Amino acid sequence: MTDHDDHTRIETEVVGPVSTGSWQELLAVLEAADSFGLAVSSAGGRLAWAAIRRNAPATGDTVRGHTHQL
């Protein structure tokens, strides 16, 4: 977990083969964030991350961003 001025970022390594059910659970958790992504390195490592803004608008009109890095 890393604190920034306007958001907190949480990262976790995704190791080994992952079942469909585990991917679905991870995605459900990530979707609760303001933005999220999955970074895949050329060496085959995977890092899932989520960012939560500190001062998010109180309305339900927030646009969530999703980033996929290859």
Side-chain angles (χ1 to χ4, degrees):
M1 185 168 70
T2 308
D3 287 321
H4 299 270
D5 289 339
D6 61 344
H7 70 280
T8 298
R9 180 177 166 120
I10 301 166
E11 299 178 352
T12 188
E13 287 185 57
V14 181
V15 294
V18 180
S19 70
T20 301
S22 292
W23 276 118
Q24 290 172 339
E25 288 179 31
L26 176 60
L27 185 56
V29 170
L30 293 174
E31 287 181 327
D34 293 307
S35 60
F36 66 87
L38 178 65
V40 180
S41 73
S42 60
R46 298 176 291 189
L47 178 76
W49 62 269
I52 298 109
R53 290 185 288 166
R54 293 193 184 280
N55 296 314
T59 67
D61 297 335
T62 304
V63 174
R64 296 186 189 277
H66 308 284
T67 303
H68 305 280
Q69 300 172 340
L70 299 177

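Please read all numbers here as calculations on a predicted model, not as lab measurements. In what follows, residues are counted from 1 in the order of the sequence shown.
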**Item:** Thr12: side chain to side chain donor-acceptor pair (under 3.5 Å) partners, not counting sequence neighbours
**Value:** none

**Asp3: partners by side chain to side chain donor-acceptor pair (under 3.5 Å), with sequence neighbours left out** = Thr8, Arg54

**Prompt:** How long is the gap from CG on Asp6 to CG on Asn55, to the nearest 0.5 Å?
**Reply:** 8.5 Å

**Request:** Give a yes or no on whether Leu47 and Val18 share a hydrophobic cluster (residues Ile, Leu, Val, Met, Phe, Trp, Tyr; joining criterion: side-chain heavy atoms under 4.5 Å apart).
**Result:** no

**Fill in**
Taken in chain and number order and not counting sequence neighbours, the residues that satisfy side chain to side chain donor-acceptor pair (under 3.5 Å) with Thr2 are none

**Item:** Residue list, side chain to side chain donor-acceptor pair (under 3.5 Å) with Glu11, at least two apart or on another chain
**Value:** Arg9

Hey, can you pull the donor-acceptor pairs under 3.5 Å for the side chains in residues 20-28, sequence neighbours left out?
{"unit_1": "Ser22", "atom_1": "OG", "unit_2": "Ser19", "atom_2": "OG", "d": "3.1"}

**Asked** Which atoms form the tightest heavy-atom contact between Arg53 and Asp34, and what is the distance?
**Response** N-OD2, 2.6 Å

**Request:** Please report the closest heavy-atom contact between Ala51 and Ala33, naming both atoms and the distance.
**Result:** O-CB, 3.5 Å

**Fill in**
Going by chain and number, the hydrophobic cluster around Met1 (ILVMFWY, side chain to side chain under 4.5 Å) further includes Ile10, Ile52

**Prompt:** Under a 4.5 Å side-chain heavy-atom rule over Ile, Leu, Val, Met, Phe, Trp and Tyr, are Val40 and Phe36 clustered together?
**Reply:** yes

